[in-house]
> 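Here's a structure for you.
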Amino acid sequence: MRHTLPIAPQFYVTAPQPCPYLEDRMERKLFTALQGEGAQRLNDGLSKQGFRRSQNVLYRPSCADCAACLSARIAVEDFTMSRSQKRALKRNQALERRATSPWATDEQYELFRTYLESRHASGGMADMDAFEFAAMVEETPIRTRVVEYTDRDTGELVAVCLTDVLDDGVSMVYSFFTPDRGKDSIGTYIILDHIRIAREAGLPHVYLGYWVPGSAKMGYKAGFSGLEVYVNGDWEKMRDPSDYDSRRHPLSNDPIAEQVADISLPDGRPLRPSR
C-alpha cells in the first residue's frame, strides 16, 4: 500500500514595516501559505498557536524588538456581559444577522470604503480597491462566512464581519461598520453576536485577533470577560493588562529559529526535531 507522508509547511518572515499599534516600533511577521487539502486542519491547528488568517496566508507577529502583540480569544463559557455591553446589545436590537458564503458585493465595498475613510484613512488598507476587497473576502481555502447586519426597518447594511469557522470556535478575521452609528457601539455588538453564534454552534471560543498592551486601538478587547491571551506557547486567562507591559521590552522576544521550532503541526508533530 502506498503512503503519503505529510509535508511540513515552510515558514517565512516579512521585511520590517512601521507597527500599526505602537508608533515607536517596527512590525515583522512570521507566515506560511494556507493551501491544499490540509488547509482547514492547518488553520485550525495554527490558530490555536496564535496565528491569524489573511486570504491564503497564516501569520503571527514576530518582531525583533518586542513581543507585545498577543493573540486573544474569548472563552464563551466564562463570558458574562457587563452593563455597558448589555446597553450595546439593546441599542442594536433592530439589527438582523445574515450569514452567507464568502462573496463580495458592491454594497459591502461601499460600506468598507466609508468605514476606512472615517476610521483608518492612513492605514494599510486605505488604498484597497474593489478587486482587492473581493480578494480579501473570497480568497479563502477554508470554511468562511460573511456575516452581514442590516437594519430591519430600513434595510440598510450597517455592519459586516468576515468570519472563519474553526474546529474550536469562530475567528473574526475583519469587521467594519457604518461610522454614523458609532455611538451605538456596533463594534462591541458584533463581538457579542459572535459569542452568541459560537454558543449556538456549540463552539467554545471566539478569536478576536491581537491585543496589544499600551495600544489604545486594542484596549477595548480587554473589556470582555473570559478573555484569554496566548503567551509563551499557552493560552492563559487575561490578568491585569498592566502585567503585560514587559512584553514591549526589546529583549522579550525569542529568536525566529526558536519560534518556528516550537510550532506544532496539526497532527501533533513539533517542528523542533527530537533529541
Side-chain angles (χ1 to χ4, degrees), residues 9-34 43 46-74 112 115-128 132 136 162 171-176 187-188 191 206-224 227-263 271:
Q10 299 297 306
F11 289 86
Y12 307 90
V13 180
T14 63
Q17 297 180 338
C19 178
Y21 309 121
L22 302 172
E23 294 181 357
D24 60 338
R25 303 299 169 92
M26 298 295 288
E27 178 187 57
R28 188 176 63 180
K29 294 176 181 176
L30 179 68
F31 70 95
T32 189
L34 183 63
N43 190 50
L46 293 192
S47 293
K48 298 182 182 74
Q49 298 173 70
F51 281 78
R52 296 284 291 168
R53 184 184 72 83
S54 177
Q55 293 172 243
N56 57 359
V57 169
L58 287 172
Y59 71 91
R60 74 180 184 194
S62 178
C63 304
D65 56 357
C66 82
C69 293
L70 301 175
S71 188
R73 71 185 187 187
I74 296 170
F112 174 73
Y115 173 78
L116 287 183
E117 289 164 10
S118 174
R119 297 293 185 97
H120 305 287
S122 59
M125 292 183 168
D127 298 327
M128 186 178 286
E132 293 168 323
M136 179 182 77
L162 186 63
S171 176
M172 299 176 64
V173 177
Y174 191 76
S175 62
F176 52 95
T188 295
I191 296 175
V206 174
Y207 287 80
L208 298 180
Y210 294 104
W211 173 77
V212 184
S215 170
K217 293 180 180 179
M218 294 292 169
Y220 71 92
K221 295 180 183 180
F224 286 84
L227 194 72
E228 300 176 341
V229 288
Y230 190 74
V231 179
N232 297 328
D234 288 302
W235 290 95
E236 65 175 43
K237 290 184 178 181
M238 167 73 85
R239 306 189 303 271
D240 185 321
S242 64
D243 290 347
Y244 298 93
D245 287 343
S246 62
R247 299 189 64 81
R248 299 176 63 177
H249 191 276
L251 299 181
S252 59
N253 214 355
D254 292 332
I256 289 291
E258 287 292 309
Q259 294 179 45
V260 173
D262 288 335
I263 294 171
L271 285 175

> When rounded to the nearest 0.5 angstrom, what is the spacing between CG in N232 and CZ in R247?
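Spacing of CG (N232) from CZ (R247) equals 5.0 Å.
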
> What distance separates C66 SG from M26 CE, expressed to the nearest 0.5 Å?
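That separation rounds to 12.0 Å.
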
> Do the non-hydrogen side-chain atoms of R53 and L162 ever get within less than 4.5 Å of each other?
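Yes, their side chains come closer than 4.5 Å.
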
> Would you mind reporting whether F112 and Y174 have side-chain heavy atoms less than 4.5 Å apart?
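Y174 vs F112: side chains touch.
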
> Just so I know, are the side chains of V206 and F224 near enough to count as touching, which here means a heavy-atom distance under 4.5 Å?
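Not touching, per the 4.5 Å side-chain cut-off.
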
> Say you draw a straight line from CD of E27 to SG of C63; how long is it, rounded to the nearest 0.5 Å?
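It comes to 5.5 Å.
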
> Taking the inter-plane angle between the rings of Y115 and F176 on a 0 to 90° scale, is it parallel (under 30°), tilted (30 to 60°) or perpendicular (over 60°)?
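Because their plane-to-plane angle lies in the 30° to 60° range, the rings of Y115 and F176 count as tilted.
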
> For G219 and W211, work out which heavy atoms get closest and say how close.
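Scanning both residues, the minimum pair turns out to be CA-NE1, 4.4 Å.
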
> Out of curiosity, D234 CG to Q49 CD, how far, rounded to the nearest 0.5 Å?
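Rounded to the nearest 0.5 Å, the CG-CD separation comes out at 10.5 Å.
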
> Which residues satisfy the ring pair (Phe, Tyr, Trp, His ring centres under 6.0 Å) test with Y21, sequence neighbours excluded?
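With neighbours one apart ignored, the set is empty.
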
> Between CZ of F51 and OG1 of T32, what distance do you get to the nearest 0.5 Å?
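Answer for the CZ-OG1 pair, F51 versus T32, is 7.5 Å.
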
> Mind checking salt bridge (charged side-chain N to carboxylate O under 4.0 Å, His left out) for R52 and listing every partner two or more places apart, or none if nothing turns up?
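Partners of R52 by the salt bridge (charged side-chain N to carboxylate O under 4.0 Å, His left out) criterion come out as none, since no residue qualifies.
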
> Under 4.5 Å between any side-chain heavy atoms of F11 and Q259, yes or no?
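In short, these two side chains do not touch, never coming nearer than 4.5 Å.
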
> Mind listing the closest non-hydrogen atom pair of Y244 and K237 along with its distance?
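In terms of heavy atoms, the two residues are closest at OH-O, 3.7 Å.
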
> Keeping the roles fixed (side chain from K221, backbone from L208), state whether a donor-acceptor pair exists under 3.5 Å.
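Answer holds: yes.
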
> With side chains defined as the heavy atoms from C-beta onward, is the minimum distance between L34 and L46 less than 4.5 Å?
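Not touching, per the 4.5 Å side-chain cut-off.
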
> Please name all residues satisfying side chain to side chain contact (heavy atoms under 4.5 Å, CB included) with S71, sequence neighbours left out, ordered by chain then number.
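Side chain to side chain contact (heavy atoms under 4.5 Å, CB included) check on S71 returns Y210, Y230, W235.
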
> Applying salt bridge (Lys or Arg N to Asp or Glu O under 4.0 Å), which residue pairs with at least one partner in residues 54-73 are found, sequence neighbours left out?
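Listed once each, the pairs are R73-D168, R73-E228.
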
> For a quick test of reading the model, state the closest non-hydrogen atom pair linking P213 to D245 and the distance between them.
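Smallest interatomic distance, heavy atoms only, reads CB-OD1, 3.7 Å.
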
> Excluding sequence neighbours, so at least two apart, what forms ring pair (Phe, Tyr, Trp, His ring centres under 6.0 Å) with Y12?
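In terms of ring pair (Phe, Tyr, Trp, His ring centres under 6.0 Å), with neighbours along the sequence ignored, Y12 is linked to F31.
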
> Could you tell me the separation between the CG atom of L30 and the CG atom of L58, rounded to the nearest 0.5 Å?
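Here the interatomic distance stands at 10.5 Å.
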
> Ignoring hydrogens, what is the shortest heavy-atom contact between A72 and L227? Give both atom names and the distance.
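Closest approach of A72 to L227, heavy atoms only: CB-CD1, 4.1 Å.
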
> Taking salt bridge (charged side-chain N to carboxylate O under 4.0 Å, His left out) as the definition, give me every residue that meets it alongside E132, ordered by chain and number, with sequence neighbours left out.
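Salt bridge (charged side-chain N to carboxylate O under 4.0 Å, His left out) check on E132 returns nothing, list empty.
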
> Measuring only between side-chain heavy atoms, which start at C-beta, is T14 closer than 4.5 Å to Y59?
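The answer is no; the side chains never approach within 4.5 Å.
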
